[in-house]
Structures are given as structure tokens and as C-alpha cells.
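Note sheet for the following structure.
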Amino acid sequence: MRLHEYQAKEVFADAGVPVPDSRLATTVEEVLDAVGEIGFPAAIKAQVHVGGRGKAGGIKIATDEAEARQYAEEILGMDLKGYEVGKVLVEAGVDFENELYVGITMDRGEGEPVAMVSTEGGVDIESVAEETPERIAREHIDPAFGLHPYQARKAVYGAGIPRDVAGDVASILSTLYDLYESKDASEIEINPVMITADRAVVAADGVMNTDEDALFRQPDLAEMEDEAAGDELEAKANEYGFDYVRLDGNVGIIGNGAGLVMTTLDLVDHYGGAPANFLDIGGGAKAERVANALDMVFADENVDSVVFNIFGGITRGDEVAKGINEALAQFDEIPKRVVVRLAGTNAEAGMEILNTDLVDVEATLGDAVQRAVANAEDAQ
Amino acid sequence: MSIFVDSDTRVVVQGITGGEGNFHTEQMIDYGTNVVAGAVPGKGGQEVSGVPVYDTVDGAVEAEDADASVVFVPPAFAGDAVFEALDTGLDLVVAITEGIPTQDMAKVDKRLSEVDTRLIGPNCPGIITPGEAKLGILPGNIFESGNVGLVSRSGTLTYQVVSNLTEKGIGQTTAIGIGGDPIIGTSFVDALAAFEADVDTHAVVMCGEIGGEDEERAARYIAANMDTPVAGFIAGRTAPPGKRMGHAGAIVSGSGTGTAESKITALNDAGVPVGDTPGEVADHVAEFL
């Protein structure tokens, strides 16, 4: 789960990381109230999960009230790379001399978190890593001990952070690791940390991704989840407990098991179609869950046809067939053609139950996908 | 022959009294797996499907001489259960549980480097040596004994590929699901090395997916160390960056690492043919044999 900037900064500020004075606003009036309290210059920043917000016009600096009104009107409600902006963070402008980078992420290859510090803040750290990797100081962290204070110092000196703020930056890095561990983060970064004219350090942006598998022990973060959701259908999938990703094609895809669902997406593409979504009903799904999955995919107006691909291990073909029958029984007219392929546990029993007046049936994955792609073309 | 498990493997099931643990214990026993004990805190002295239950893994090992465990413990407690198995000194631990917090697994991973135990998973379907034993939730009836080793990050995709192999009359020495999490015990390289050392394994199928760099490392290993031919499949060619595709580990990073393209190129460069469809993978394997 990715937190919005304002949520991440709340978490940082609670832990003692200095952040600029700011207010969250959802209307132009709230923006004007906020700048009235904060003063000028003030940054107005769109709160959506989109990289490169500044370049896309989602961040503007207002120097007076007229500008604040103009930018608030422009940004609130704007479409930023497919996301509608509903909230902005109004933040005191920082008069800065340098921009630094600090962050912690999981190094999958090593199975350990890694702390990173660089003087090249304010730009995409991935491109720094690619072009000038020597400008990033890295310290791998033993998860049994955490980030030792000496490691924070070593990273800061190794990165060449100006000496007069080195202690402050090391302290921010240590705090970030404490948060990384205590909040079950998967990634946490401040880019940039600004060094102000009077040599103070301030977190001017904030990124925090948390481990969805750990939300059960992070009630505060779980509460932020609804506000953090991006897409309406993805929010509905959360409610049903599906692994769901919306894509921009027109062939709806439902299956069991991540690898097999991904493979089904790839085959749709391979046979000339375009996948509309990834939907994994998981292992051992009962009829109701199967019906919910069909409801979800039917609710996506981009979908022209559906392929339902189940290879049962712990999932039973007869339960799946029951769920498909139940879901389709509620319609006078089935909204989109559905192709079903059942294999594995109880697949034969499932095929006997399945109402083949309502769905197309195919025996192999390849045939099922090709039929669904053809159905989508016919529907156009 | 086979790798990691056979009919002599003595299994303790951690979480045997839970719904999943109970159901799959029966399935494993039906398949012929030598399940000798269960371990569930507070349930010592009970019996499940004819198997004696102990409060601790240590108790199960002492009384029943277990040398492997299968973990069906819920995610909040599974990290601790795996630690218990590692610290008891079992030879093999197979963690089926999906949804263990990554930071719990980072600590487990650290401990793994200090002990001799092999961990398979977590978030995996387990391991099966057809006709001998299965540790996990794989449907035993689809596997046939044969000469092909199979290693995969995904369960149901494994079943699909196995069914494509079966159509051609090709069976398996051992099939291993290594799991879909970002941090796992046994890697592709570990499984490939074991298959390479197994005289009965004449070809290997590896099914990878987007996320991480394990497939790239496997490609380098194959080029440098393997005589046994390998055929590959990579799921997730159409996955957009930044989205978790079901598995916690199946994510292409924003900067474009972990893509299907990078993995397919690495495997091809190592001389490994990569099928566009599961059926094509079976075709490649048939050519090897």
C-alpha cells in the first residue's frame, strides 16, 4: 500500500522528522484559508499516486493570494495521468541551498534492507543509480540488529553530505529506519531533504510504501488504506479480498493463482487481444467468491468479453461451476460473453453442472483464450 | 532418484489442527507421504488423522524422529513457526503460508544463513516426488514419475505446465514450487544445482515470473554450471510497472527492473529456450529427451 505524501509526512512528523508547515485542502476556499495561515510562498501539491507530479502540472508555487486561487482552481479536479485530483497539500515554501536524498528499501537479492544517502536529491534516484552509482552511499542492514548509529554516520560521510548538517541527516536516516521497521514499510524515502539558507534540514517530500501483508498488525496504517486507494474498481476488489489490477484492454480475465492468471493475460496478448484486468480468486474459492469475481469484471465498462480459467488444485471445479451458474442466473441477458475452461480437481463434475447455454466452454487454455479474444472482437 | 524429498522423509506438520493443515495432512498421507507427527502449541497429546500431535517441533522430533516439516500456520505466526523449525535443526522446512510480512522473512533469511536447514517457500505449493512423497498442497494425481525436474514460482502455473508435459507422456523426478514472495528460502539456483546433480533428471523446466532478479541469476548459473538442458517460461509479459500481480514478489519496479523481457533475454543468452505458451515449453522439453 502506498501512502499519499500528506499521510507519509504525518508519520514522519510524528516521529520527529522536520517537515514544512502544511494543511490538507479539498476546496479552493480551504486552500485560501491555508495560505492565510501559512503565508507565501506556498506550494500547492496534488495528492495522487503519480510520479513526476511537478512536470505534469500537479505542483505549483503561489507567491500571492491571486496565484493561490488560480492554482487551486487549476489543480483541484484536474486529471493527472488518469487520476482525478481530489486533495491538495498546501505547504510553506522552503528557501533551500541544497537538495539531498535519503531512503531505505528492501534489497530482495540480499534479503536485507538497504539504506541509501546521496547529495543528488530532487531528481529521480533511479537515474542517479544508473548514471552515477558512486554518488549514492549504501549500507546494508542486518534485520536482527537494525541500523547501527555508526552505519548512519558512515552512509552520510560516504555520500559527502556537508559537514555542518551531517549529524542532522544521520539522525533523519536513523529515524527512517525505526519507522521502516516499526511500521512494516517496504520502501521509505525523502527526496529531497532540503538544506535551508540557515542550514536546517527539512523533509520536502515523503514516500512511504507499506507491506500489505503486515497491515494486520498496523491498525493506524490500515485506517489510511481507504484514503490511499486509487481506482474505484480496485477499492471494490479490496472489499472482496481479490488480488486485482485494472489494465486498459477489453478482455476480462479471472483465474486462480497469480502465475496462471499472469500467463492468461500474456496469452490474451499473444493471440492478438488486450487484457482488461488481472483478477486472482485465490485458492479454494467457493461459489459466492466466484460470483463476486464475475460481478467485478462485468462492472468494468471497458470489458467486452471474459475468460474464466481455473486449474484446480485446492480449488474445486464443481464449486467454480456453481458460482458461475449463480452469477449468470441473475441476468435476463448475459452482459458479456464468458468463456470457461476448467481443469484439475473436480473439473469433470464442474463441466456437468455448468450451464453451457450461458457460457462458451473450451478444454485447453490456448483455445479458451483465443475464443475470448474472438468474442471481444465480435462485441466491438 | 529425486531431490530433497522421497519416501523416507519423515514429516511433521506445523499447524496440523487448522482447517488447511488438517485437510492437506490427509491428502499427503493418502499420497503415501510419511507424516509422523503434528506440532501445535497447546494441542500436544491429541491425534489428527491418526497422527500424534506435540506442543513443539522439538517434541515431535524427539518422539518421532521427524526430519522435515510443512508449515500451515497463519501468516501472523508463521515467521515464528519457521524459526522454531530452523532452530530445531530439521533438514527441510516447507512453508506453504501466504502473506507472511516481508520483514519477518528478512529475519528468517538471516537465520537461514547460519543453519544447515533448507527452506522451501513461503507462499508456495510445496514439493512432490511423484510416487514417493509430497510435502504441501500440490494435487498429486496430475504428476507422473519421470525424468524432468520442474521448479516454479507459481502453483497453478506449475499444474498447467505439468498437464502440457503429461499430454506428451513426460513425467517428473521432482517438482518444486519455490514461492511467490520477495524473500524465499530455496532459489532457482539452489533447485537447478540439485537437479544438475541428480543423475535421473535429464531435463529441467523453470517457470519464472516478473519481479526481482532470481531468473537472471539462474541464467548465469545455467550458462556456467549446467549440462542438463533447461527450458523456461516467464509469466507477466503484459504486467504494468509498479503493480503487484497477486504474488507479493511479482512486481516490476518503477525503474523497470524485474521485467519479463530482461528475464527472457537473460535465459535466451544462456541457451535456454523460453516458450511463449506453456505448450511451447513442453515442446522444448520433448526435443531435449
Side-chain angles (χ1 to χ4, degrees), chain A residues 2 49 51 106 108-113 124-127 129-130 142-144 180-181 184-186 211-214 216-217 243 245-249 255-263 265-270 274-275 278 280 282-284 310-315 343-345 364-366, chain B residues 20 23-24 75-76 98-107 109-112 125 137-139 141-142 152-160 163 180 182-183 207 209-214 217 233 235-240 243-250 253-256 260 276-279:
Chain A
R2 179 166 184 171
H49 296 302
M106 182 62 75
R108 287 173 62 161
E110 296 294 326
E112 285 181 340
D124 180 16
I125 197 67
E126 310 279 3
S127 49
E130 214 158 275
D142 183 332
Y180 180 87
E181 194 183 24
D184 275 297
S186 52
D211 181 357
E212 283 162 48
D213 289 336
F216 70 86
R217 63 186 179 198
D243 282 322
V245 177
R246 196 173 184 184
L247 303 165
D248 48 16
N256 64 324
L260 187 58
V261 179
M262 271 190 271
T263 301
L265 262 64
D266 295 349
L267 287 183
V268 166
D269 179 69
H270 178 75
F278 170 103
D280 179 4
I310 299 293
F311 204 120
I314 51 174
T315 307
T345 308
T364 70
L365 174 56
Chain B
E20 298 246 323
F23 174 76
H24 289 291
E98 174 173 8
I100 303 178
T102 306
Q103 295 198 12
D104 293 2
M105 278 310 301
K107 294 190 176 88
D109 191 66
K110 185 73 192 173
R111 189 82 179 116
L112 266 179
I137 62 174
L138 303 132
N141 59 321
I142 66 168
S152 170
R153 275 168 72 183
S154 160
T156 47
L157 176 58
T158 304
Y159 314 158
Q160 174 65 46
S163 82
I183 299 179
C207 298
E209 63 190 32
I210 52 165
E213 291 174 8
D214 262 15
R217 266 191 288 277
F233 184 78
R237 295 171 191 232
T238 47
K243 297 282 187 182
R244 165 173 158 165
M245 305 300 274
H247 284 157
S253 82
S255 61
D276 283 341
T277 68

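These figures come from a predicted structure and were not determined experimentally. Just so we're on the same page: letters track the sequence lines, and every chain starts at 1.
Annotation: side chain of His270(A) is in contact with side chain of Thr277(B) (closest heavy-atom distance under 4.5 Å). Under the 4.5 Å side-chain criterion, counting only non-hydrogen atoms from C-beta, Arg246(A) is not in contact with Lys243(B). You'll find the side chain of Gln103(B) stays beyond 4.5 Å of the side chain of Asp211(A), heavy atoms only.
For the atom pair CG of Asp109(B) and CD of Glu112(A), the computed distance is 8.0 Å after rounding to the nearest 0.5 Å. Interatomic distance, Phe233(B) CZ to Asp266(A) CG, rounded to the nearest 0.5 Å: 6.0 Å. The line from CG of Leu157(B) to OG1 of Thr263(A) is 4.0 Å long, rounded to the nearest 0.5 Å. Distance NE2/His247(B) to CE/Met262(A): 6.5 Å, rounded to 0.5 Å.
In this structure, the portion of Glu209(B) lying under 4.5 Å from any heavy atom of chain A is its side chain and not its backbone. Residue contact with chain B, scored on non-hydrogen atoms closer than 4.5 Å, involves the backbone and the side chain of Glu181(A) alike. With a 4.5 angstrom heavy-atom cutoff, Lys107(B) touches chain A via backbone and side-chain atoms both. Interface remark: Arg153(B) contributes side-chain atoms only to the contact with chain A (heavy atom separation under 4.5 Å). Residue Pro278(B) touches chain A through its side chain alone, counting heavy-atom pairs closer than 4.5 Å. In this structure, chain B has a heavy atom under 4.5 Å from the side chain of Leu267(A), while its backbone stays farther away. There is no contact between Arg111(B) and chain A, counting heavy-atom distances below 4.5 Å. With a 4.5 Å cut-off on non-hydrogen atoms, Ile100(B) touches chain A through its backbone but not through its side chain.
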Problem - Stepwise side chain to side chain contact (heavy atoms under 4.5 Å, CB included) check, Arg237(B) with Asp269(A) - result: CA-CA 9 Å; Arg237(B) 295 171 191 232; Asp269(A) 179 69; 5.8 Å; no

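Interface check for chain A: of the options Gly155(B), Ser163(B), Pro182(B), Ser154(B), the most heavy-atom pairs under 4.5 Å are formed by Pro182(B). Among Ala144(A), Gly313(A), Gly366(A), the residue with the largest count of heavy-atom pairs under 4.5 Å with chain B is Gly313(A). Most heavy-atom pairs under 4.5 Å with chain A, from the set Gly236(B), Ala239(B), Ser152(B), Ala76(B): that is Gly236(B). Between chain A and the options Ala248(B), Gly180(B), Gly249(B), heavy-atom pairs under 4.5 Å are most frequent for Gly249(B). Comparing Pro75(B), Cys207(B), Gly99(B) by how many heavy-atom pairs each has under 4.5 Å with chain A, the most go to Gly99(B). Taking Glu213(B), Arg244(B), Glu98(B) one by one and counting their heavy-atom pairs under 4.5 Å with chain A, the maximum is reached by Arg244(B). Counting heavy-atom pairs closer than 4.5 Å to chain B, the top residue among Leu247(A), Thr364(A), Thr345(A), Asp142(A) is Asp142(A).
Side chain of Thr156(B) to main chain of Phe311(A): no donor-acceptor pair is present (N/O by atom type, distance under 3.5 Å, no hydrogens or angles).
Under the side chain to side chain donor-acceptor pair (under 3.5 Å) criterion, Arg108(A) pairs with no residue, sequence neighbours left out. For His24(B), the ring-ring contact (aromatic ring centres under 6.0 Å, His included) partners two or more places apart in sequence, or in a different chain, are Phe72(B).
The shortest heavy-atom contact between Pro101(B) and Asp184(A) is CB-OD1, 4.3 Å. Of all heavy-atom pairs between Ala235(B) and Gly259(A), the closest is CB-O, 3.8 Å. Closest approach of Ala106(B) to Met106(A), counting heavy atoms only: CB-CE, 4.0 Å.
A side-chain contact (heavy atoms from CB on, under 4.5 Å) with Met245(B) is found for one member of Asp280(A), Asp243(A), Val245(A) and no other, namely Val245(A).
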